[in-house]
Amino acid sequence: MDLMNCSNENASDSNSKLPSSRYKGVVPQPNGRWGAQIYEKHQRVWLGTFNGQEEAAKAYDIASLRFRGVDAITNFKQSSLSITADDHEDEAFFLQSHSKAEIVDMLRKHSYTKELQLFKHTNGGKRIKYNDIDLMNIHIQKEWLFEKVLTPSDVGRLNRFVIPKQQAEKHFPLMDSEAKGVLLNFEDVLGNVWRFRYCFWSSSQSYVLTKGWTRFVKEKKVKAGDVVRFHRSSSMGDDKNLFIDCTPRNTDDEVSRFPETTSSVDEPLMEPVQDQDGVIRLFGVNIVESNIADSRTYTCFQYM
DNA sequence: CAATGTGTTGAA
DNA sequence: TCAACACATTGG
């Protein structure tokens with residue numbers, strides 16, 4: 001092994017240049033170890049340092065799969081210890097069930113394998129055969145963000161929607177320069193795009209959607225008690241990457257023009273759920289429960 | 001002090 | 001996007 005490296009093997013030689021790696025996303029470190037990195041949106045995301053370049057290459061592979069999807073180019077055929085198709089599917093599901101920041105954090109802490117094992121184990125007894133819809137969902141990488149039950153004031157005359165502070169800061173961080181507000185585009189299940197002004201109201205210390213919200217309430221006919229859900233597509237597409245989705249109460253007075261308002265009398269799958277507790281959803285359907293959110297906290301990154 | 005990770009550039 | 005290179009920053 002190692003017969004390919006013609007010139008420099010030793011990092012101890014301070015005169016020579018650092019040895020290159022044959023693996024994508026792997027860069028040499030001055031001390032002879034190896035760094036892993038991946039680029040997104042013109043900037044580097046550091047994935048940590050590793051003893052061997054193969055280890056670093058695997059870290060890159062995992063990040064690549066999470067950032068760019070199942071068809072991403074990788075160094076190895078499969079990322080970790082996944083051998084069977086089910087294992088591979090489980091890992092894809094695991095990747096999609098965590099934010100990019102969480103995956104990066106695991107890589108930097110070298111805890112990815114541990115977390116994946118835990119994930120598989122806690123789901124071991126009740127392994128699910130995912131259907132085509134689920135796989136498609138994984139493929140397009142739509143990730144669950146959070147949901148909120150609409151309060152009376154959310155649909156009242158205040159013309160604003162309060163995003164729970166914890167969710168707002170987690171999913172829609174505002175820089176100080178943006179405190180005045182930014183415009184966010186959300187796509188609904190019909191492909192319609194809704195544009196809202198999103199800002200922080202210092203008087204009430206709350207994050208709100210303002211301009212555009214009332215129109216949404218009116219046209220979707222949402223009422224207090226209805227649920228609004230937020231998703232994000234983590235595949236590329238800088239613009240159409242946020243999604244909004246709601247379950248309007250059935251209206252007796254008018255034929256619904258919206259498919260998603262169809263009566264759910266014989267739709268057994270829909271049920272409300274708390275996010276941030278490890279409940280995993282695909283298309284709003286609970287697939288499996290886990291306890292992944294029980295312990296660890298992850299450092300905050302700019303990207304998702 | 002050693003190791004990590006960023007600033008930066010030039011190539012593709 | 002990507003790796004090479006220099007080195008500022010981190011952290012033990």
Side-chain angles (χ1 to χ4, degrees), chain A residues 1-80 91-92 95-96 98-116 138-143 169-171 173-178 185 232-242 295-304:
Chain A
M1 32 203 108
D2 286 342
L3 11 94
M4 295 296 289
N5 289 337
C6 41
S7 50
N8 309 300
E9 279 291 313
N10 299 334
S12 54
D13 187 348
S14 57
N15 267 342
S16 62
K17 295 181 177 182
L18 265 33
S20 296
S21 173
R22 58 184 174 282
Y23 296 115
K24 187 174 176 59
V26 178
V27 294
Q29 291 296 94
N31 58 355
R33 302 180 79 232
W34 299 89
Q37 61 186 21
I38 190 171
Y39 282 80
E40 183 187 60
K41 182 60 185 177
H42 296 304
Q43 70 182 23
R44 168 178 48 206
V45 176
W46 188 253
L47 305 175
T49 55
F50 306 85
N51 288 324
Q53 42 181 317
E54 288 76 16
E55 195 185 351
K58 284 182 179 179
Y60 172 86
D61 285 1
I62 292 161
S64 183
L65 290 173
R66 179 57 184 82
F67 279 60
R68 297 165 183 175
V70 293
D71 295 325
I73 295 174
T74 54
N75 290 295
F76 305 107
K77 280 185 174 298
Q78 299 190 155
S79 58
S80 63
E91 182 162 5
L95 284 169
Q96 282 316 112
H98 293 78
S99 69
K100 292 178 185 176
E102 287 172 329
I103 298 298
V104 169
D105 216 35
M106 293 177 201
L107 295 174
R108 292 175 72 147
K109 291 179 185 168
H110 297 193
S111 66
Y112 175 84
T113 301
K114 210 173 307 172
E115 300 280 2
L116 176 58
I138 288 172
H139 189 71
I140 65 176
Q141 301 198 346
K142 187 179 287 187
E143 76 174 292
E169 292 176 349
K170 178 178 180 182
H171 301 297
L174 273 179
M175 278 159 276
D176 290 332
S177 59
E178 296 173 324
N185 292 322
R232 179 194 303 274
S233 166
S234 48
S235 57
M236 18 269 130
D238 292 333
D239 205 7
K240 301 175 58 178
N241 60 344
L242 292 173
S295 53
R296 289 146 295 279
T297 57
Y298 296 95
T299 54
C300 185
F301 292 81
Q302 297 273 359
Y303 51 87
M304 278 302 298

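Throughout, a chain's letter reflects where its sequence line sits, starting with A, and its residues are numbered from 1.
- Scanning atom types as modelled, no donor and acceptor separated by under 3.5 angstrom connect the side chain of A:Y23 and the base of C:dA3.
- Between C:dA3 and A:K24, no contact under 4.0 Å exists linking OP1 or OP2 to a side-chain N or O.
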Yes or no on side-chain hydrogen bond (donor to acceptor under 3.5 Å, both in side chains) for A:T49 and A:Q29, after CA distance, side-chain angles and deciding distance? CA-CA 8 Å; A:T49 55; A:Q29 291 296 94; 5.9 Å; no

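- Using a cutoff of 4.0 Å between basic side-chain nitrogens and carboxylate oxygens, A:E54 and A:R22 are scored as salt-bridged.
- Within 4.0 Å (heavy atoms only), A:G25 reaches sugar-phosphate atoms of the nucleic acid but no base atom.
- In this entry the distance linking CD1 of A:I38 with C1' of C:dT1 reads 10 Å, nearest Å.
- Going from atom CG of A:L47 over to atom P of C:dC2 covers 12 Å, rounded to whole Å.
- One cannot find a donor-acceptor pair under 3.5 Å joining the base of B:dG5 and the side-chain atoms of A:Q37.
- Across the protein-nucleic acid pair, A:R22 atom CZ and C:dA3 atom C1' stand 16 Å apart, rounded to whole Å.
- Phosphate proximity of C:dA4 to A:K17: absent, as no side-chain N or O sits under 4.0 Å from OP1 or OP2.
- Between atom CG of residue A:D71 and atom CG of residue A:L65 there is a gap of 9.5 Å, rounded to the nearest 0.5 Å.
- Using a 4.0 Å cut-off, no side-chain N or O of A:R108 falls inside it from OP1 or OP2 of B:dT4.
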Could you go through A:Y112 and A:L95, starting from their C-alpha distance and side-chain angles, then the distance that decides it, and tell me whether this counts as side-chain contact (heavy atoms from CB on, under 4.5 Å)? CA-CA 10 Å; A:Y112 175 84; A:L95 284 169; 3.7 Å; yes

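- Taking atom NE2 of A:H42 as the reference point, atom C1' of B:dT6 lies 18 Å away to the nearest angstrom.
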Audit row: A:F67, A:V104, side-chain contact (heavy atoms from CB on, under 4.5 Å) steps and yes/no: CA-CA 10 Å; A:F67 279 60; A:V104 169; 3.9 Å; yes

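- Side-chain N/O atoms of A:S20 include none lying less than 4.0 angstrom from OP1 or OP2 on C:dA3.
- Atoms NZ (A:K109) and P (B:dG5) sit 13 Å apart, rounded to a whole Å.
- What separates CZ of A:R33 from C1' of C:dT10 is a distance of 15 Å, to the nearest Å.
- The distance from atom CG of A:N31 to atom C1' of C:dC7 is 14 Å, rounded to the nearest whole Å.
- Here C:dC2 presents its P atom at 4 Å from CZ of A:R68, a figure rounded to the nearest Å.
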